[in-house]
A.B. asks: 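Would you mind keeping the following structure in view while I ask a few things?
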Number of protein chains: 2
Amino acid sequence: MRVGGHSERRVKVSLLEGSRRQTCSDCVVRGFAICAALDKTELWELANLSRHIHCEPGTTVFAQATMATSFFSVLEGVLRLYKLLPDGRRQIIGFALPGDFVGLAGSPQYEFSADAIGAVVLCQFSRASFARFAENRPRFLRRINELAGRELSRAQEHMVLLGRRSAEEKVASFLIGWRDRLAEIGSAGGVLPLPMGRLDIADYLGLTIETVSRTFTKLERDGIIRILTGGISLLDAARAEALSAA
Amino acid sequence: MRVGGHSERRVKVSLLEGSRRQTCSDCVVRGFAICAALDKTELWELANLSRHIHCEPGTTVFAQATMATSFFSVLEGVLRLYKLLPDGRRQIIGFALPGDFVGLAGSPQYEFSADAIGAVVLCQFSRASFARFAENRPRFLRRINELAGRELSRAQEHMVLLGRRSAEEKVASFLIGWRDRLAEIGSAGGVLPLPMGRLDIADYLGLTIETVSRTFTKLERDGIIRILTGGISLLDAARAEALSAA
DNA sequence: TCAAATTATTGATCGAAGTCAAAGACGGTT
DNA sequence: AACCGTCTTTGACTTCGATCAATAATTTGA
């Protein structure tokens with residue numbers, strides 16, 4: 001039974017149930033995805049290079065060290081992006097949300113793996129045709145730079161978290177960061193859905209599943225969050241932010 | 001006195017003593033820096049936007065959260081790039097070597113600080129004029145993408161290191177990675193100069209200075225490295241690589 | 001609606017890395 | 001060459017998070 005008197009049946013939280021469209025011009029992520037930099041004609045051209053794909057929960061979209069033949073833009077759902085060590089240790093390097101562009105790599109192979117958490121819809125481009133399309137479109141190239149810069153900046157913030165923060169700070173930072181990312185893509189507040197499991201959170205934060213679980217429990221005991229099935233509710237955002245900042 | 005019978009006076013190792021030129025076309029880093037994508041005319045134009053600056057050891061080139069008015073390309077020496085937490089904890093997110101381009105940020109403020117380790121020569125660009133120069137040069141923009149992608153890929157590898165590797169693996173990975181980066185820019189082998197101090201290494205690896213020192217000593221006891229002042233010699237590269245990979 | 005499988009929580013114990021403290025080595029200066 | 005300040009190494013001890021192990025909650029599927 002849960003500690004702290006919260007043994008009632010947990011409220012179920014779900015996430016990002018959008019409608020599906022088939023044309024780029026009224027795409028769900030049109031405003032903030034890679035294609036935000038394009039005009040109508042270009043959009044139509046790019047549409048002809050793309051196809052939508054639907055992934056079942058748990059599907060691997062692409063695997064580390066395989067040939068990087070495609071790029072993807074997330075339309076719906078969440079991907080976990082991770083790298084594996086030869087002995088099976090896993091580091092999740094990020095979660096991709098609607099609007100995120102995934103698969104850009106320096107090398108001809110993917111440098112990490114990506115799989116679907118829950119159902120996912122992707123916009124797929126062949127690497128070659130995408131590169132050809134981008135080649136002489138400075139506006140588009142600048143847009144790619146912009147997204148890559150944002151990605152890099154997130155990676156740097158994550159290095160600080162992994163290298164220099166305590167377990168409690170890590171979990172609090174994760175919750176605040178997740179909340180902010182959902183807010184960016186326009187998700188409701190109040191309750192925070194966490195579609196990924198504890199193991200994913202652990203592998204994202206460089207912790208074990210037990211430590212994550214204990215830390216969630218501690219945050220709940222301290223009145224900072226309320227644990228729900230499939231998510232949490234942020235009872236004391238200010239305190240969580242304080243933990244997450246310092 | 002050193003453990004293991006290595007108490008003789010240590011050999012001093014120094015690094016990257018190149019000659020200085022004032023024109024772009026025979027710049028030391030011409031082959032692999034950002035400007036590798038430019039033709040003669042463009043190079044001349046870009047040269048007019050840049051000035052060389054020399055930094056004393058320890059100088060801060062730019063500080064986190066200040067206005068990002070300039071970009072830099074490293075010509076000689078090494079910069080440490082780091083983020084600070086409010087309470088003073090530091091995470092070094094990378095070392096910038098000759099050819100590296102530094103200061104690209106999503107935001108108008110620098111997202112990390114950079115200071116010189118030893119003497120450093122930089123090629124400085126004003127952000128605004130650099131952006132204007134790049135704006136309509138797809139080749140140049142693609143070059144920026146390429147460098148940013150490499151940077152991102154390094155950051156991802158570093159997240160795995162910080163989140164999922166033991167102290168010994170961290171130190172071994174650092175040494176192998178450093179060796180490979182020096183090799184890329186054409187540095188001699190045999191002895192590996194380490195211009196940064198133990199504290200820098202610790203803050204890069206998410207460890208304390210004591211743990212780094214103990215780990216160096218252990219690697220030396222195990223016959224994998226030999227500790228020299230200002231560097232190490234890799235006695236058993238294969239064993240170090242094994243530690244660093246798995 | 002119940003049983004099996006999966007995922008999350010909790011407890012007890014262990015160990016890798018951190019902390020505190022002291023000594024040793026090195027580099028610069030006079 | 002001797003002194004001073006800084007950086008590095010080593011030792012003793014502590015602690016945070018990992019590991020091992022069991023229980024509880026939730027989901028799935030017949």
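Naming convention: chains lettered A, B, ... in sequence-line order (proteins, then strands); numbering from 1 in each chain.
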A.B. asks: Using 30° and 60° as the class limits, which term best fits the ring planes of F71(A) and F101(A): parallel, tilted or perpendicular?
C.D. replies: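 Taking F101(A) first and then F71(A), their aromatic rings sit tilted (interplane angle of 30° to 60°).
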A.B. asks: Please report the distance, rounded to the nearest Å, between CZ in R198(A) and C1' in dT27(D).
C.D. replies: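 Answer to the nearest Å: 15 Å.
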A.B. asks: May I have the distance from L205(B) (atom CG) to dA16(C) (atom C1'), rounded to whole angstrom?
C.D. replies: 15 Å
A.B. asks: Taking G177(B)'s backbone N and O only, do any of them form a donor-acceptor pair with D180(B)'s side chain (distance below 3.5 Å, no angle check)?
C.D. replies: no
A.B. asks: For F95(A), which residues count as a ring-ring contact (aromatic ring centres under 6.0 Å, His included) partner, sequence neighbours excluded?
C.D. replies: W178(A), Y204(A)
A.B. asks: Hey, can you pull the residues of residues 165-173 of chain A with a non-hydrogen atom under 4.0 angstrom from DNA chain C?
C.D. replies: none
A.B. asks: Report the distance from atom CD1 of I227(B) to atom C1' of dG24(C), rounded to the nearest whole Å.
C.D. replies: 14 Å
A.B. asks: Partners of S73(B) by side-chain hydrogen bond (donor to acceptor under 3.5 Å, both in side chains), sequence neighbours excluded?
C.D. replies: none
A.B. asks: Which whole-number value in Å describes the distance from D203(B) CG to dC7(D) P?
C.D. replies: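 In whole Å, dC7(D) P and D203(B) CG are 13 Å from each other.
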A.B. asks: Parallel under 30°, tilted from 30 to 60°, perpendicular over 60°: which one fits the rings of F62(A) and F72(A)?
C.D. replies: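 Judged by the thresholds at 30° and 60°, the geometry between F62(A) and F72(A) is parallel.
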A.B. asks: May I have all residue pairs that pass side chain to side chain donor-acceptor pair (under 3.5 Å) and include part of residues 235-246 of chain A, sequence neighbours excluded?
C.D. replies: R179(A)-E241(A), D236(A)-R239(A)
A.B. asks: Only counting residues at least two apart or in another chain, list the ones meeting ring-ring contact (aromatic ring centres under 6.0 Å, His included) with Y82(B).
C.D. replies: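 Partners of Y82(B) by the ring-ring contact (aromatic ring centres under 6.0 Å, His included) criterion come out as none, since no residue qualifies.
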A.B. asks: Name all residues meeting the side-chain hydrogen bond (donor to acceptor under 3.5 Å, both in side chains) criterion together with T60(A); count only those two or more places apart in sequence or in a different chain, and write none if there are none.
C.D. replies: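 side-chain hydrogen bond (donor to acceptor under 3.5 Å, both in side chains) list for T60(A), sorted by chain: D115(A).
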A.B. asks: Roughly, in whole Å, what's the span from CG in L228(A) to C1' in dA25(D)?
C.D. replies: 14 Å
A.B. asks: In this structure, how many angstroms lie between the P atom of dT8(D) and the CG atom of L194(B), rounded?
C.D. replies: 10 Å
A.B. asks: Quick test: give all pairs of protein nitrogen or oxygen and nucleotides 4-6 of chain D nitrogen or oxygen below 3.5 Å, distance rounded to 0.1 Å.
C.D. replies:
none

A.B. asks: Let me know the distance between CD1 of I225(B) and C1' of dT9(D), rounded to the nearest Å.
C.D. replies: 13 Å
A.B. asks: Report all interatomic pairs (protein N or O, nucleotide N or O of nucleotides 19-21 of chain C) with separations under 3.5 Å.
C.D. replies:
unit_1, atom_1, unit_2, atom_2, d
dT19(C), O4, R214(B), NH2, 2.7
dC20(C), N4, E210(B), OE2, 2.9

A.B. asks: I need the minimum non-hydrogen distance between H158(B) and Q91(B), along with the two atoms involved.
C.D. replies: CE1-NE2, 4.3 Å
A.B. asks: Decide side-chain contact (heavy atoms from CB on, under 4.5 Å) for L194(A) and L175(A); before the verdict, give the C-alpha distance in whole Å, the side-chain angles of both, and the deciding distance to 0.1 Å.
C.D. replies: CA-CA 9 Å; L194(A) 298 175; L175(A) 294 175; 4.2 Å; yes
A.B. asks: The side chain of S213(B) is closest to which nucleotide in this list: dG17(D), dT10(D), dT9(C)?
C.D. replies: dT10(D)
A.B. asks: Could you tell me which residues satisfy side-chain hydrogen bond (donor to acceptor under 3.5 Å, both in side chains) with R164(A), sequence neighbours excluded, listed by chain and number?
C.D. replies: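 With sequence neighbours excluded, R164(A) shows a side-chain hydrogen bond (donor to acceptor under 3.5 Å, both in side chains) to D203(B), given in chain and number order.
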A.B. asks: Quick one: does S213(A)'s side chain have a donor or acceptor within less than 3.5 Å of a partner on I209(A)'s backbone?
C.D. replies: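 No; zero donor-acceptor contacts below 3.5 Å.
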A.B. asks: Take the protein atom CD of E220(A) and the nucleotide atom P of dA8(C), then report the distance between them rounded to whole Å.
C.D. replies: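 In whole Å, dA8(C) P and E220(A) CD are 15 Å from each other.
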A.B. asks: Who passes side-chain hydrogen bond (donor to acceptor under 3.5 Å, both in side chains) against E151(B), sequence neighbours left out?
C.D. replies: R154(B)
A.B. asks: State which of dG17(D), dT9(C), dT10(D) makes the closest approach to the side chain of L207(A).
C.D. replies: dG17(D)
A.B. asks: Would you work out how much the helix from dT1(C)-dA30(D) to dT30(C)-dA1(D) bends between its ends, with each end axis defined by five base pairs, to 10 degrees?
C.D. replies: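 Comparing the first five pairs with the last five, the axes sit 50° apart.
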A.B. asks: Side chain to side chain contact (heavy atoms under 4.5 Å, CB included) with E169(B): which residues, sequence neighbours excluded?
C.D. replies: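 Listed in chain order: R89(A), R165(B), S166(B).
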